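A quick note: this is a predicted structure, and the numbers were derived from the prediction, not measured.
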Amino acid sequence: MQTTLKIGTRGSPLALAQAHETQARLMAAHGLPAEAFEVVVISTSGDRIQDRPLSEAGGKGLFTKEIEEALLAGAIDIAVHSSKDMPTQLPDGLELSAFLPREDARDAYVGKAAKTIADLPRGAKVGSSSLRRQALIRRMRPDLDVVMFRGNVQTRLRKLDEGVAAGTILAYAGLKRLGLDHVVTDLIPLDVFPPAPGQGAIGIETRIGDRAVEKMLVAIHDVPTGQALACERAFLAALDGSCRTPIAGYAAIEGGKLSFAGLIISPDGTQSHTIELQGPAQDAARIGTEAAGTVRAKAGEKFFDGWL
């Protein structure tokens, strides 16, 4: 391994906060100085495309493609990602090898016209670029006008100030990492607004077989988070989940036992199916795959017609 460990990341304030958290944990775990690391900012297609939904532009991979190319080329040693942005299929030669301890996975409502979604007047505009969030908003309040809202956290908050929408929904974990949790007007319970698989977790991607890097990451890997993500990503993969599919899933680990709750919902929010499963944490991936098969059978193949 090089003397300097190169950490690849997107350039948004949240992505940089996550990269620096990874660096700080590695410094603490191995007694290394800041000079032992270099944060390398890589512009991604997802950052550059702002005029249309990601589901139309190419999906989740738009936030990872250029970073993964740099990782495969050896220009960086590790890539730090928001786990919910990671496609379930990784490029050949790469793997998700570590996860930091998960933050709060709930979604947060940031409102200007009202403090909660329930209190919004009929026809109010709520901004979101996530098909899952859009569908869940429509399920809660079919009378609201859900509008596309792209951009990083600061951009979306600025759009609220400019009156583009009356409110928006953001990951609470991201707001906390940015020190912006004070803008939250309502924290939405997980059972009302289930999160995207991987939400709140920072994932670290590496080249398969890079033993020196893998050895470093073992010290900062959080095992329960890794087990929870194995379940959630298996659920997503078995349902062929992408930015075109409104899918939610959350696994919790306690005392070696895993509890999983998953949801599939139509984009208009009118139809949904849920699944809950429990089992040993070491069977995380199997539980996620089984949950996907059960909920797909419950919904029927026609449920996905026209929107998968």
Side-chain angles (χ1 to χ4, degrees), residues 1-2 4-27 34 36-50 52-100 102-103 129-130 150-155 171 173-174 177-178 196-214 216-217 220-222 225-226 229 232-233 236-237 241-243:
M1 195 181 70
Q2 304 172 47
T4 302
L5 185 83
K6 294 186 176 181
I7 302 171
T9 177
R10 294 165 59 199
S12 72
L14 177 56
L16 289 170
Q18 294 178 160
H20 287 297
E21 180 179 340
T22 302
Q23 176 184 343
R25 288 179 180 273
L26 285 168
M27 288 168 59
F37 302 88
E38 180 185 351
V39 174
V40 180
V41 174
I42 299 168
S43 175
T44 71
S45 303
D47 296 309
R48 294 190 293 270
I49 298 170
Q50 295 291 325
R52 59 194 189 276
L54 288 179
S55 56
E56 295 177 7
K60 290 184 177 181
L62 293 173
F63 283 130
T64 60
K65 180 175 178 289
E66 288 86 353
I67 297 174
E68 289 173 330
E69 288 171 350
L71 187 57
L72 284 168
I76 57 174
D77 300 300
I78 65 173
V80 177
H81 304 283
S82 292
S83 295
K84 70 180 178 63
D85 291 336
M86 295 295 292
T88 54
Q89 291 279 41
L90 302 182
D92 290 342
L94 300 182
E95 63 183 350
L96 276 169
S97 56
F99 295 94
L100 302 189
R102 193 177 206 167
E103 249 293 359
S129 62
S130 157
R150 286 291 315 281
N152 63 35
V153 172
Q154 287 81 359
T155 299
R177 289 186 176 117
L178 289 168
Q199 186 158 311
I202 296 172
I204 304 173
E205 190 177 19
T206 62
R207 291 182 293 274
I208 294 172
D210 194 337
R211 302 302 179 202
V213 168
E214 289 174 9
M216 285 191 73
L217 293 177
I220 64 169
H221 173 60
D222 186 69
T225 299
L229 269 288
E232 294 168 24
R233 287 177 59 79
L236 193 63
S242 70
C243 274

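Side-chain atoms of S83 come within 3.5 Å of backbone atoms of A201 as a donor-acceptor pair (strictly under, hydrogens ignored). Looking only at distances, no side-chain donor or acceptor of R25 sits under 3.5 Å from a matching main-chain atom of H20. Between the side chain of D77 and the backbone N or O of K6, at least one donor-acceptor pair lies under 3.5 Å. At least one donor-acceptor pair closer than 3.5 Å links the side chain of T9 to the backbone N or O of A15. A donor-acceptor pair is defined here as one N or O able to donate and one able to accept, closer than 3.5 Å; no such pair exists between the side chain of Q199 and the backbone of K84.
The closest side-chain heavy-atom distance from I204 to L100 is below 4.5 Å. Side-chain contact check for V153 versus P13: every heavy-atom pair is 4.5 Å or farther apart. Residues H81 and I67 have side chains in contact (heavy-atom distance under 4.5 Å, counting atoms from C-beta outward). Side-chain atoms of N152 and L14, non-hydrogen and from C-beta on, never get closer than 4.5 Å to each other.
Considering every non-hydrogen atom in both M216 and L5, the closest pair reads SD-CD1, 4.5 Å. Taking every heavy atom of both residues into account, Q23 and V39 meet most closely at OE1-CG2, 3.6 Å. Closest heavy-atom contact between I76 and G8: CD1-CA, 3.7 Å. Nearest approach of R233 to L90, heavy atoms of both residues: NH2-CD2, 4.1 Å. Nearest approach of F99 to H221, heavy atoms of both residues: N-ND1, 3.1 Å. Of all the heavy atoms in E205 and P91, the pair that sits closest is OE2-CD, 4.2 Å.
Going from atom CG of L229 over to atom CG of L236 covers 11.0 Å, rounded to the nearest 0.5 Å. The CD1 atom of I78 lies 4.5 Å from the CD1 atom of I7; values are rounded to the nearest 0.5 Å. Taking CD1 from I42 and CD from E68, the interatomic distance works out to 10.5 Å, rounded to the nearest 0.5 Å. Rounded to the nearest 0.5 angstrom, T88 OG1 and E232 CD are separated by 13.5 Å.
Judged purely by distance below 3.5 Å, without hydrogens or angles, the side chains of S82 and Q18 pair a donor atom with an acceptor atom.
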* Show your working on salt bridge (Lys or Arg N to Asp or Glu O under 4.0 Å) between E21 and R177 and close with a plain yes or no. => CA-CA 9 Å; E21 180 179 340; R177 289 186 176 117; 3.7 Å; yes
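Remark: of the listed residues I208, T206, L72, L72 is the sole one forming a side chain to side chain contact (heavy atoms under 4.5 Å, CB included) with L94.
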